[in-house]
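First comes the structure, then the notes that go with it.
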Amino acid sequence: MAALYNFSLFSLVFLLLIATAVAEIRSTPIRSDSRSTIPFDEFGYTHFGRLNLTVTDISFSNPKSGPEPVLSELGFFLVTREAWQHVLEQLQDGDIRCTLHSDLVKRVFTFDQLQPSARQFTTSFSISDANQFTLVFANCMPNLVISMNVHSVMYNFNPRSGQLDFLSAGKTALPAIYYLFFVVYVLMGAFWVFALYKKRLSVYGIHFFMLAVVILKALNLLCEAEDKSYIKKTGTAHGWDVLFYIFSFLKGITLFTLIVLIGTGWSFLKPYLQDKEKKVLMIVIPLQVVANLAQVVIDETGPFGENSYTWKQVFLLVDIVCCCAVLFPIVWSIKNLREAAKTDGKAAVNLMKLTLFRQYYIIVICYIYFTRVVVYALETITSYRYQWTSVVAAEAATLAFYAFTGYNFRPKAHNPYFAIDDEEEEAASEALKLEDEFEL
């Protein structure tokens, strides 16, 4: 029963973390691990795929002084997502006792092939049927604890160019995609600089903050493009992953801070932040630090590391809390505008501001829902050959959100208390009465 529980748990982790797999050359130390299945990286292979596997410093121990390990029940295999479900059924039905015995897996190496007293081995495995496989170690000996260092190299061979591609089949287009969006954000930043210069008499501090967010996003995309480009060619990031983490961290903090500042009306409605608004920032910024830390741990330890599932939960929880927290300032601004509309006497102006902030509230919710729910669903249901589509969808949604924010809160040269006639004022007053019925 314990073995079946471990297999089921692995199946859950398999489905939850499948979208975060990063294909590259990876070295993974296993220390005193008694799990019945230890999953490693996942990779989308073409018809010319290959796995090179080197395992060193192999050692066993049985703390309960059980029988000697049966080496044929220890080993590595490759399995697809669909096949794994059937393997679980075979285990539950009692058709097999060990995953290595299933005819649905591709056995890469079993430990009975080890030379006597050998503590290491190197093997190469060719994959001719295109599919997405996960490299898994099976330990079908209860209570057996194993330690080893696993070095895996997964890649596809391009017979036309004669080059090796270390990116998964569905992600090989990612460098070009990230470069394209980088260029778009550079152009957006240049256009924003031009807009600030043209309307320099109407520029607030928030507009320069918007420019900083666009620049950090562009640098983040550049580092991501270089990171994926080096992995594609060599299998390692050559340090670009560090820069990517740094700019991802800065981009995440500044984006959420920008949403909070715009939501509070800072620079637009008032030149200061209230205590409760400052508290939101003090909550969001540390949470973004935790979220980025969790993402780094997931990426560096591999999507199927021993604690990756826990860190994945931490990342998702923190991200949801941040997304909810940034909505409160917008709600407060809408509430304040409603109250001001009853006493200010400028119904048309307040209606314009109220409509703008309500639209922004709705767009922020749509952006959060799309990038956190729809994109994740797209990653899960899309064939491994088209995993790049979820990246395009997420980046396109982010670009649209940036464009909407910039357009609606761009610098404008106008007097907020412009002259309006009595008919417009009366119509705005009636509209504000209807706005009171709007519930968030």
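Note that this is a predicted model, so its numbers are computed, not measured.
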Checklist entry - Can you tell me how far the CG atom of Leu51 sits from the OG atom of Ser152, to the nearest 0.5 Å? => result 7.0 Å

Item to check | Derivation of the side-chain contact (heavy atoms from CB on, under 4.5 Å) call for Phe401 and Val364 | outcome: CA-CA 8 Å; Phe401 178 72; Val364 170; 3.8 Å; yes

Item to check | Worked verdict on Thr80 versus Asn131 for side-chain hydrogen bond (donor to acceptor under 3.5 Å, both in side chains) | outcome: CA-CA 7 Å; Thr80 65; Asn131 211 324; 4.9 Å; no

Checklist entry - Is there a donor-acceptor pair under 3.5 Å between the side chain of His86 and the backbone N or O of Ala83? => result no

Checklist entry - Residues in ring-ring contact (aromatic ring centres under 6.0 Å, His included) with Phe256, at least two apart? => result none

Checklist entry - Does Asn408 use its side chain to pair, donor to acceptor, with the backbone of Gln359 at less than 3.5 Å? => result no

Checklist entry - Taking C-beta and beyond as the side chain, do Ile262 and Met210 meet within less than 4.5 Å on heavy atoms? => result yes

Next on the checklist: As a quick check of understanding, evaluate side-chain contact (heavy atoms from CB on, under 4.5 Å) for Thr37 and Asn139, giving each step before the final call.
Outcome noted: CA-CA 6 Å; Thr37 51; Asn139 177 5; over 6 Å; no

Next on the checklist: Which residues pass the salt bridge (charged side-chain N to carboxylate O under 4.0 Å, His left out) test with Lys251, not counting sequence neighbours?
Outcome noted: none

Checklist outcome for this item: Arg372 meets the salt bridge (charged side-chain N to carboxylate O under 4.0 Å, His left out) criterion, sequence neighbours left out, with Asp319

Checklist entry - Does the ring of Trp388 carry Lys171 above it, NZ/CZ under 6.0 angstrom from centre and within 45° of its axis? => result no

Checklist entry - Does Asn220 reach the side chain of Phe182, with side-chain heavy atoms less than 4.5 Å apart? => result no

Checklist entry - Can you check whether Ser229 reaches Tyr179 side chain to side chain, under 4.5 Å on heavy atoms? => result yes

Next on the checklist: Give me the atom names and distance for the closest heavy-atom approach of Gly75 to Leu100.
Outcome noted: N-CD1, 3.6 Å

Checklist entry - Measuring from Leu327:CG to Ile365:CD1, what's the distance to the nearest 0.5 Å? => result 5.5 Å

Checklist entry - Parallel, tilted or perpendicular for Tyr185 and Tyr402, by the 30°/60° rule? => result perpendicular

Checklist entry - When rounded to the nearest 0.5 angstrom, what distance separates CD in Gln387 from CG in Leu378? => result 10.5 Å

Item to check | Donor-acceptor contact present, side-chain Ser333 to main-chain Gly263, <3.5 Å | outcome: yes

Item to check | Check: Thr380 side chain, Tyr376 main-chain N or O, donor-acceptor pair, under 3.5 Å | outcome: yes

Next on the checklist: Test your reading of the model: is there a side-chain donor-acceptor pair from Thr382 to the backbone of Glu379, 3.5 Å cut-off?
Outcome noted: no

Next on the checklist: On a heavy-atom basis, which atom in Ala195 and which in Pro411 lie closest, and how many Å separate them?
Outcome noted: O-CG, 4.2 Å

Checklist entry - For Ala325 and Val284, which heavy atoms make the closest approach, and how far apart are they? => result CB-CG2, 3.8 Å

Next on the checklist: Contact between Ile259 and Tyr360 at the side-chain level, heavy atoms closer than 4.5 Å - yes or no?
Outcome noted: yes

Checklist entry - Side-chain contact, heavy-atom cut-off 4.5 Å: Phe244 with Glu226? => result no

Checklist entry - Heavy-atom distance under 4.5 Å between the side chains of Phe76 and Leu53, does that happen here? => result yes

Next on the checklist: For Gly265 versus Phe357, what's the shortest heavy-atom pair and its separation?
Outcome noted: CA-CZ, 4.0 Å

Checklist entry - When you look at OH of Tyr230, are more than 12 heavy atoms from neighbouring residues, nucleotides or ligands closer to it than 6.0 Å? => result no

Checklist entry - Which salt bridge (Lys or Arg N to Asp or Glu O under 4.0 Å) pairs, counting each pair once, include a residue from residues 150-168, with sequence neighbours left out? => result Asp165-Lys232

Next on the checklist: Could you measure the distance from the CG atom of Leu255 to the CD1 atom of Ile253? Nearest 0.5 Å is fine.
Outcome noted: 11.0 Å

Next on the checklist: Taking Gly44's backbone N and O only, do any of them form a donor-acceptor pair with Ser168's side chain (distance below 3.5 Å, no angle check)?
Outcome noted: yes

Item to check | Step-by-step side-chain contact (heavy atoms from CB on, under 4.5 Å) determination, Phe194 to Leu196 | outcome: CA-CA 5 Å; Phe194 173 76; Leu196 296 185; over 6 Å; no

Next on the checklist: Suppose we call two aromatic rings close when their centres sit under 6.0 Å apart. Are Phe121 and Phe109 close by that rule?
Outcome noted: yes

Item to check | Verdict with supporting geometry, Asp57 and Met148, side-chain contact (heavy atoms from CB on, under 4.5 Å) | outcome: CA-CA 5 Å; Asp57 298 327; Met148 57 184 170; 5.9 Å; no

Next on the checklist: Are the side chains of Arg81 and Gln132 in contact, using a 4.5 Å heavy-atom criterion?
Outcome noted: yes

Next on the checklist: For Ile25 versus Thr234, what's the shortest heavy-atom pair and its separation?
Outcome noted: CD1-O, 3.5 Å

Checklist entry - Residues in salt bridge (charged side-chain N to carboxylate O under 4.0 Å, His left out) with Asp129, at least two apart? => result Lys106

Checklist entry - Is it the case that Ser126 and Arg50 place a side-chain donor and acceptor less than 3.5 Å from each other? => result yes

Next on the checklist: Once ring-ring contact (aromatic ring centres under 6.0 Å, His included) is applied, do any residues pair with His47, and if so which ones, sequence neighbours excluded?
Outcome noted: none

Item to check | Any donor-acceptor N/O pair, Arg35 side chain to Ala138 backbone, under 3.5 Å | outcome: no

Checklist entry - Which atom pair, heavy atoms only, marks the closest approach of Ser102 to Arg107? => result O-NH1, 3.3 Å

Checklist entry - Is Thr172 reaching over with its side chain to a backbone N or O of Ala169, donor-acceptor style, under 3.5 angstrom? => result no

Checklist entry - To the nearest 0.5 Å, how far apart are CZ in Arg385 and OG1 in Thr46? => result 10.5 Å

Item to check | Trp192 atom CH2, over 12 foreign heavy atoms within 6.0 Å | outcome: yes

Next on the checklist: Taking the side chain as everything from C-beta on, heavy atoms only, tell me whether Asn149 gets closer than 4.5 Å to Gln120.
Outcome noted: no

Checklist entry - Are the ring centres of Tyr45 and Phe43 closer than 6.0 Å? => result yes

Next on the checklist: Measuring from atom NZ of Lys198 to atom CZ of Arg410, what distance do you get when rounded to the nearest 0.5 angstrom?
Outcome noted: 11.0 Å

